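Since the model is a prediction, treat every value here as computed from it, not as a measurement. Starting from 1, each residue takes its place in the sequence as its number.
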Amino acid sequence: DALPYPELSKYEDIDEDELLASLSAEELAELEKELSDIDPDSNVPIGLRQRDQTDKTPTGTFSREALMKYWENETRRLLEDELGGASPKLVITEEEEDEEEEEEEEHQDNKAKPEPLMNSGPMTSRVENLTLLKPQRVEPMRLTPPPPPVDPNTSGNPIVVDDALQRVLRNDPELTEVNLNNIDDISQETLVRFAEALRSNTHVRTFSLANTRADDPVALAIAKMLKQNSSIISLNIESNYVSGKGVMALVQALPGNNTLTELRFHNQRHMCGGQVEMEMVKILRENYTLIKLGYQFNLPGPRMSMTGILTRNQDRQRQKRLQEDHQT
């Protein structure tokens, strides 16, 4: 039979054993590499079929201790280079302290300028002032912390608490604003009594109790008041200790309230959280009179939704005023 490639017929009589015997060790190794690429062993996993191409001879034995020591020295050097400019006396050993004391005695008029230490010796020397590298834990603070306790008569709020409470209970027509802001020694029970007294009051338009340490029981009492009161248009309970539970109680009272137009409860000791913010927006969609909300949302979604709700309510108020003007 004729060969498919006649030009290869000259290789038919070649003795392969003789040819292999004539090859050098380097040529045999190269041939073995080529054959492994052309016809790999199917028993070897694909990930292990790549031949070793590392021909470089090892430069020496591996020493883990030497490597760790090298990285420790490099880390120390980089740290000193980075922080040495801002705090030259960041890392000082006992030997440097002794040298610095001698220099200060010899040159009292000139202050010696210590330089950062390049510690290339053994790590047995004691290192000073490393606490500077450790960040200090800072307790969370409110945006507007309450002022220190002061005499209520000199706190800037001239209201007489007992007299104001009695006027609210009497439904005094001359009393249209109850301002309890920044009264440090007012009790939570007194704040609850104000909320209860305002349920049936028909003349008070503004109720403010910012920075009075009001907590959840006070917020719950105010929420009950908002469900019955029909005269208060502005409520300020900012900078207090109301949690998400108290905030939600206030918000849940608003769908049935048709008079409140301004509500401020920002800067509480406890953050509301994303779940409370989303639920807050869901409930306030059913309120059509609130046009000012004093609260800074943490999530962009509820913030944008609340902006839309307030804009909607403002447009409704504007249209209502225009209709009243046309009727008159």
Student check: side-chain heavy atoms of L235 and I222 closer than 4.5 Å
yes
Quick one: pull up CD1 in I232 and CZ in R199 and give me the separation to the nearest 0.5 Å.
12.0 Å
Can you find a pair of side-chain heavy atoms, one from L209 and one from N236, that are under 4.5 Å apart?
no
Would a distance-only check, ignoring hydrogens and angles, find a side-chain to backbone donor-acceptor pair under 3.5 Å from E277 to L299?
yes
Under 3.5 Å, is there a donor-acceptor pair linking the side chains of N179 and S208?
no
Taking the six-membered ring for Trp, are Y295 and H266 parallel (under 30°), tilted (30 to 60°) or perpendicular (over 60°)?
perpendicular
Identify, with sequence neighbours excluded, every residue that meets side chain to side chain contact (heavy atoms under 4.5 Å, CB included) alongside I233.
R205, T261
Using only atom types and a distance under 3.5 Å, with no angle test, would you say the side chain of N229 pairs donor to acceptor with the backbone of M225?
no
Under a 3.5 Å distance rule, please check whether N257 uses its side chain to pair with a backbone N or O of K227 as donor and acceptor.
no
Min side-chain heavy-atom separation R193-L165 under 4.5 Å
yes
Salt bridge (charged side-chain N to carboxylate O under 4.0 Å, His left out) between R213 and D184: does it pass, once the steps are laid out?
CA-CA 8 Å; R213 306 180 188 274; D184 185 75; 3.0 Å; yes
Intermediate values then yes/no, salt bridge (charged side-chain N to carboxylate O under 4.0 Å, His left out), R318 and D315:
CA-CA 5 Å; R318 188 180 301 108; D315 291 340; 2.7 Å; yes
Is the shortest side-chain heavy-atom distance between V218 and L220 below 4.5 Å?
no
Would S239 and N267 count as having a side-chain donor-acceptor pair, cut-off 3.5 Å?
yes
If we count only N and O atoms by modelled type, under 3.5 Å, do the side chains of T202 and N171 hold a donor and an acceptor together?
yes
Between E262 and S234, is there a side-chain donor-acceptor contact under 3.5 Å, judged purely by atom types and distance?
yes
Main-chain N/O of N240 paired to Q268 side chain as donor or acceptor, under 3.5 Å
yes
Find the distance between CZ (R303) and CG (L293) and round it off to the nearest 0.5 Å.
12.5 Å
Close side-chain approach of L180 and F207, heavy atoms under 4.5 Å
yes
Taking side chain as C-beta onward, heavy atoms only, is Y288 less than 4.5 Å from R312?
yes
Mind checking the CG-CG spacing from L263 to N287? Nearest 0.5 Å is all I need.
9.5 Å
With a 4.0 Å cut-off on N to O distance, would you call R77 and E74 a salt bridge?
yes
